[in-house]
Amino acid sequence: MAFVALLGLGSVVIGDTIRMQHPRVIERINLMRSSKLAMEILGAMASGREAFDRKRANQARRVLIRNTSKIPSKFRRNPYDPASRARQHIWTQWADFKRQSKSAQATAKGVSTRNVVTLRQTLPPMINACLSCHQTFRKRP
């Protein structure tokens with residue numbers, strides 16, 4: 001009986017899951033996930049949870065620079081997809097969104113991966129750039 005109940009619960013959870021459908025939304029989400037991973041790598045090194053690895057830090061920095069440059073083009077159109085966490089503010093306040101994405105790119109370029117000390121000094125503005133944009137333009141999960 002408990003097994004049947006678990007099967008029923010599982011199907012509700014699976015049935016309630018929203019799957020991404022629109023290819024442009026999938027691209028946007030993948031871009032943000034890639035950026036998040038780069039930030040996690042840099043954050044782990046800056047905090048001392050991981051040993052500083054200059055090559056790996058440089059790779060993560062390059063991902064951030066590349067990804068932030070792609071943000072406006074990935075959000076230019078607003079396809080409907082129930083899985084999207086993008087707020088309508090992006091398209092009604094496009095100039096501000098574009099300004100924030102350009103600022104994030106400049107901030108990514110300013111992240112220094114010379115050593116752990118400079119990484120610790122230059123990573124917080126990048127974190128703030130991401131958080132600022134998400135607070136304005138992203139729906140909470």
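Note that the coordinates shown come from a computational prediction; the quantities given were computed from them, not determined experimentally. Heads up: numbering here begins at 1 and tracks the sequence.
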Exercise. How far apart are the closest heavy atoms of Ser69 and Pro72, and which atoms are they?
Worked result: O-CD, 3.8 Å
Exercise. Distance from Thr136 atom OG1 to His89 atom NE2, nearest 0.5 Å?
Worked result: 8.0 Å
Exercise. Taking atom types as modelled and ignoring hydrogens, do the side chains of Gln88 and Asn78 form a donor-acceptor contact shorter than 3.5 angstrom?
Worked result: yes
Exercise. Taking atom CG of Leu64 and atom SG of Cys130, what is their separation to the nearest 0.5 Å?
Worked result: 7.0 Å
Exercise. Any chance the side chains of Thr113 and Arg54 put a donor and an acceptor closer than 3.5 Å?
Worked result: no
For this session: Decide whether Val111 and Val116 are clustered together by the hydrophobic rule: side chain heavy atoms of Ile, Leu, Val, Met, Phe, Trp, Tyr closer than 4.5 Å, transitively.
Result: yes
Problem set entry | Residue pairs passing the salt bridge (charged side-chain N to carboxylate O under 4.0 Å, His left out) test where at least one lies in residues 64-77, sequence neighbours excluded | Glu27-Lys74
Under 3.5 Å, which donor-acceptor pairs do the side chains of residues 36-53 form with other protein atoms, sequence neighbours left out?
from, atom 1, to, atom 2, distance (Å)
Ser47, OG, Gly43, O, 3.1
Ser47, OG, Ala44, O, 3.2
Ser47, OG, Arg49, N, 3.4
Ser47, OG, Arg49, NE, 2.8
Arg49, NH2, Gly43, O, 3.4
Glu50, OE1, Arg56, NH1, 2.6
Asp53, OD1, Lys55, N, 3.1
Asp53, OD1, Arg56, N, 3.2

For this session: Please check if Ile71 and Met126 belong to a single hydrophobic cluster, counting links between Ile, Leu, Val, Met, Phe, Trp and Tyr side chain heavy atoms closer than 4.5 Å.
Result: no
For this session: Report the distance from atom CD of Gln100 to atom OG1 of Thr107, rounding to the nearest 0.5 Å.
Result: 10.5 Å
Exercise. Hey, what's the ring geometry for Phe137 with Phe97, parallel, tilted or perpendicular (30° and 60° as the breaks)?
Worked result: perpendicular
For this session: Answer yes or no: is there a donor N or O on one side and an acceptor on the other, between the side chain of Thr122 and the main chain of Thr118, under 3.5 Å?
Result: yes
Seminar exercise, completed: Separation between NZ (Lys139) and CZ (Arg85), nearest 0.5 Å, reads 10.0 Å
Problem set entry | In one Ile/Leu/Val/Met/Phe/Trp/Tyr side-chain cluster, 4.5 Å: Ile127, Met32 | no
For this session: State, to 0.1 Å, how close Pro79 and Arg24 come at their nearest heavy-atom pair, and which atoms those are.
Result: CG-CB, 4.1 Å
Exercise. So which residues get pulled into Ile65's cluster when ILVMFWY side chains under 4.5 Å apart are joined, directly or through others?
Worked result: none
Exercise. Roughly how far, to the nearest 0.5 Å, is the CH2 atom of Trp94 from the CZ atom of Phe75?
Worked result: 8.5 Å
For this session: With the side chain counted from C-beta on, respond yes when Ser112 and Leu119 share a heavy-atom pair under 4.5 Å apart, and no when they do not.
Result: no
Exercise. What distance do Gln121 atom CD and Arg114 atom CZ have between them, rounded to the nearest 0.5 Å?
Worked result: 9.0 Å
Problem set entry | Cluster check Leu31, Val25: I/L/V/M/F/W/Y, side chain < 4.5 angstrom | no
